[in-house]
Each structure stands twice: as structure tokens, then as C-alpha cells.
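Indexing begins at 1, ligand by ligand and atom by atom, following the structure's order. Just so you know, residue 1 is the first one in the sequence shown, and it goes up from there.
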Amino acid sequence: MANQYDVAIAGSGIVGMSTALWAQRRGLQVAICDANAAGSGATFGPACTMATYACVPINSPSVVTSLPSLLFSKNSPLTVNYWYAIKNWRWMLSFLMNCRSSRVEAIGTQLGALLREADAGLDPLIEEIGAEDLIVEEDCLYVWATKDGFKDARQGIELRRRQGVAMQEIGPDEIRSLEPNLKMPMYRGLRFQGTRYILHPQKLVERMQNHFMRNGGTVIEKAVSSVEAAAERVTVHFHDEDTLTSGHFVVATGAHGKSIKGAGVESLPLGVERGYHVTFANHRNKLSRPVGWAEAGFYATPMELGLRFAGTVELDALSAPSNPNRITYLRRRAKEMFGQLDGPSEEWLGFRPTMPDALPVIGPSQKSERIIHAFGHQHIGLTLGGLTGRMVTDMVTGQAPNPDASGLSGKRFGFL
Ligand SMILES: Cc1cc2nc3c(=O)[nH]c(=O)nc-3n(C[C@H](O)[C@H](O)[C@H](O)COP(=O)(O)OP(=O)(O)OC[C@H]3O[C@@H](n4cnc5c(N)ncnc54)[C@H](O)[C@@H]3O)c2cc1C
């Protein structure tokens, strides 16, 4: 029996759609399955930075030393549901173990290798679908309001330097000359040279999907319920008992991978960092580039829909309701940053898929070489989505991925 497709992909976020396009470019017959609209998951609401400088993992020694203020200050970008943390103690413990300096260096080195190749993974797709109008070339900026905050960031800045990130340290006057509308206190800034951002990520992914369909790709508007791998094929099951067969199956479901039985995600420590955004439709002109307020844990980005404040981290279950305090926090900090703004026009909660070592999972499942995992991109999935698609396609076609992916498969968590 011939397989219906060479590759079936679950999930039409930036990772799944990029994989679909790369596989199609190599002449493969591809189906992508998702009950929801393309780009409507985590990919809908990010801070829109193509953050090729973001090789510093969220795990860091300063997370441990600053834990009391991170947990209890009203100005903290982090909130934790303690019951959730206790229930998921193994993930939390593993996250903390990865905050050791030696681990941070190793993780930063692996992220650096991925990020140096990130543009080469996304740019051919941008060109192919004609989405250059959605990309803005403008140096992103980090701003620290306090001397202590900047001191805590020193180790991370040195790590970036070792990874070859092009950046320039600037003082308050230069920050103000670049962005005169900023009103919060300023101590130092970092200007990341040669960086870009995306005006509308969902539009980007929708265009990817339209192009994919025009070129003969199949879109199946259903969620995958389970998969079974055999020697020659993978059988993909949907909730309505329909099935399809394909040579390979790719799990690109972001934070939701455990919803697919038999794909080998159930036994992996896939966690979720919930993040929020508020968008002020009338204030796009307040900035000319994304500005990350380091201590406050979010970016303000002048995107197509307005001025978006996106970030913060909430450790809680996927199923927990949206937390209104997090929206209040973003609105209050937005006011500190710019003064009174009218709005917001939009509030959003999204789910970053996160492994406790802050590295994505890109590689074959422990269940079968025919099932390939592609999730766990935490804070930089928009940046790494294109490259992940290329790496997964290399695996499907038997080529060696660049950069080397041997340390990225889920098998690295064998001890858990
Ligand atoms: C507040 C915030 C700010 C961020 N800022 C940035 C940034 O500036 N730069 C950056 O690079 N990254 C950023 N990120 C991270 C980035 O958004 C994510 O890493 C990325 O979008 C993950 O993409 P994905 O394709 O893996 O997942 P998603 O976009 O979540 O897509 C997963 C898809 O899988 C589908 N699905 C789920 N279950 C099934 C199933 N059983 N069968 C089929 N389909 C299924 C879902 O419907 C969804 O469409 C940010 C994230 C947040 C929350």
C-alpha cells in the first residue's frame, strides 16, 4: 500500500508551516493538520522580534539569587502557581539545575549555533512567499532602568559576546535620541546591530499556508489524536476516526504535543511558560523599533496592529484561565514607559512551549525514526521556526542537518 503523503505535520504555527514549505521545496507530498487557523497559537501574539541575539537562556544563576524578589515583588515579570509548581516538581528542579553557570554556557553555545543560522532558515521562505513587506530592518534595543538590573545582566552580555552577537552598549542620552518617547528611568541600553522584526506574524504564517496550498499542499482542518509507526509508514488518527498514512510524521504542536498519543511526547518534560500581550491600536508611532525593558520582562513593539507590549512569564497549567493581574501589570508598566495611552485594543494569553533546559526538541522520537519532534522553542520560536523546518526536512530526506542536531532530540531527557 502506497502512503498518501511523504510527510504529515501536526500544527500550523510558525514551526509547522515552515516545515511544510521546506518539505514542499524538496519535492515532497505534504499534509498539514490543525483544527485551528494557521498562526493562531503562540505564533499569534509574540513580541515580533527576530531575536538572533537571544542566546542567553532564561535559566541563569541570577534567577536563583533573585528568586525572592522574582516571586514576591509587585514589579516582577514572573508569577508562579505554587500548586502547579509542586505537581510539576521534576520540571522545576530540572529547570533550576540548568541555572548553573556551566549549564548556561553550554545551552548558550547551542542556542548561539542555532541563532547564527536562523535567518538562513527563514529568509528563503520569506522570499518565496513574497513577505518582505512584513519584515522591518531596525536594530532592537534592550533598556535597563537600574544599575543593579544591569549588573545582574553582565554575565549574559559576556555570553552574547562569546557567541559573536553584534551589539553596542549605550547610555540614557543615546537611548533617548533613538526613542524620544520613552519615559521610564534609564541606566543603560544594548543596541543589537543588524536585527529585524516582523510586523504581523499571523499574516506571515497565513501567507505561508496560502502559498503551500497553491503549490499543491494539503491542509486538513482537524486535530491529530494519535499516531502509530510501522516499518514503512506512520498511521495518523483524527478524533473523528478518520486516518491517513505518511512516510514521516512531524509533531509541531508547540506546547500541546502531549495531546497526541503514541508520538513519544508524553514521557518528555514539555512545559509551558504562559505569556501575555496588550496592544494599543493608536500608538504604533511611539517607537521606531522593538524595545525590551529588561527588568520588567517584556518588549514594546511597533507592529502593524499597533504598539504591542508582550512578554512576562507565568508558570501555570495550559488549562488555567487567563490571569487578569498579568494584564494589569502590563498596562501599568506600559504607562510607566510612555505615560497615559488610550486602550488597549487587544489583550492576549499565549503558551510558550518550553523544555527545562531552554533548548528546543528537534529530532526523532524515541518511538520511531519516522516520527520527528519539532517543539519547545520557548521565547524564540518565531526566530527559529524557519530553521527548524529546514532541519526537520533534512532529517526526513536523510541529510545531515546544519547546525548539528545530535544534542537536540528528546533522547537527551532519558534520565527523567
Ligand atoms: C508573549 C510572548 C512573546 C514572544 N515573543 C517572541 C519574539 O519576540 N520572538 C520570537 O522568536 N519568539 C517569541 N515568542 C515565542 C514564539 O511565539 C513561540 O516560540 C512560537 O510561536 C512557537 O511556535 P509553534 O509553531 O511551535 O507553536 P504554535 O504557534 O503554538 O502552534 C502550534 C499549533 O499546533 C496546533 N495543535 C495543537 N494540538 C494539535 C493536535 N493534536 N493536532 C494538530 N494540531 C495541533 C495548535 O492549534 C497550533 O496552531 C513569544 C511568545 C510569547 C507567548
Note: Cys33, heavy atoms under 4.0 Å from ligand 1, region reported as backbone
inquiry  = One thing to verify: whether Arg331 and Glu347 come together as a salt bridge, which I'm taking to mean a side-chain N less than 4.0 angstrom from a carboxylate O.
reply    = yes
Looking only at the aromatic ring of each residue, does the gap between the centers of Phe375 and His373 stay below 6.0 angstrom? yes
Honestly, for Leu382 the part within reach of ligand 1 (heavy atoms, under 4.0 Å) is both
So the salt bridge (charged side-chain N to carboxylate O under 4.0 Å, His left out) pairs with at least one residue in residues 205-221 (sequence neighbours excluded) are Asp133-Arg207
Next item on the list: Could you tell me whether Tyr299 and ligand 1 have an N or O pair separated by under 3.5 Å?
Entry: no
Min over Thr253, Thr43, Thr19 of heavy-atom distance to atom 29 (O) of ligand 1 lands on Thr43
(message) Within the 3.5 Å criterion, strictly below it, is a donor on Gln399 or Thr393 matched to an acceptor on the partner's side chain?
(response) no
Exercise. Taking both backbone and side-chain atoms of His379, is any N or O found less than 3.5 Å from an N or O belonging to ligand 1?
Worked result: yes
Does the ring centre of Tyr329 sit less than 6.0 Å away from the ring centre of Tyr276? no
Does Ala374, backbone or side chain, put an N or O under 3.5 Å from an N or O of ligand 1?
no
Taking only non-hydrogen atoms of Ile260 and a 4.0 Å limit, the atoms of ligand 1 in range are 41 (N)
Contact (N/O only, under 3.5 Å) between Asp34 and ligand 1
yes
Contacts satisfying salt bridge (charged side-chain N to carboxylate O under 4.0 Å, His left out) that involve residues 352-366 (not counting sequence neighbours) are Asp357-Arg412
Worksheet item: Is the shortest N/O to N/O distance between Asn36 and ligand 1 below 3.5 Å?
Response: yes
The answer for which part of Tyr276 has a heavy atom under 4.0 Å from ligand 1 is backbone
### Query
Phe351 to ligand 1: N or O pair under 3.5 Å?
no
Note: Ser225, heavy atoms under 4.0 Å from ligand 1, region reported as neither
**Prompt:** Does the ring of Phe238 carry Lys222 above it, NZ/CZ under 6.0 angstrom from centre and within 45° of its axis?
**Reply:** yes
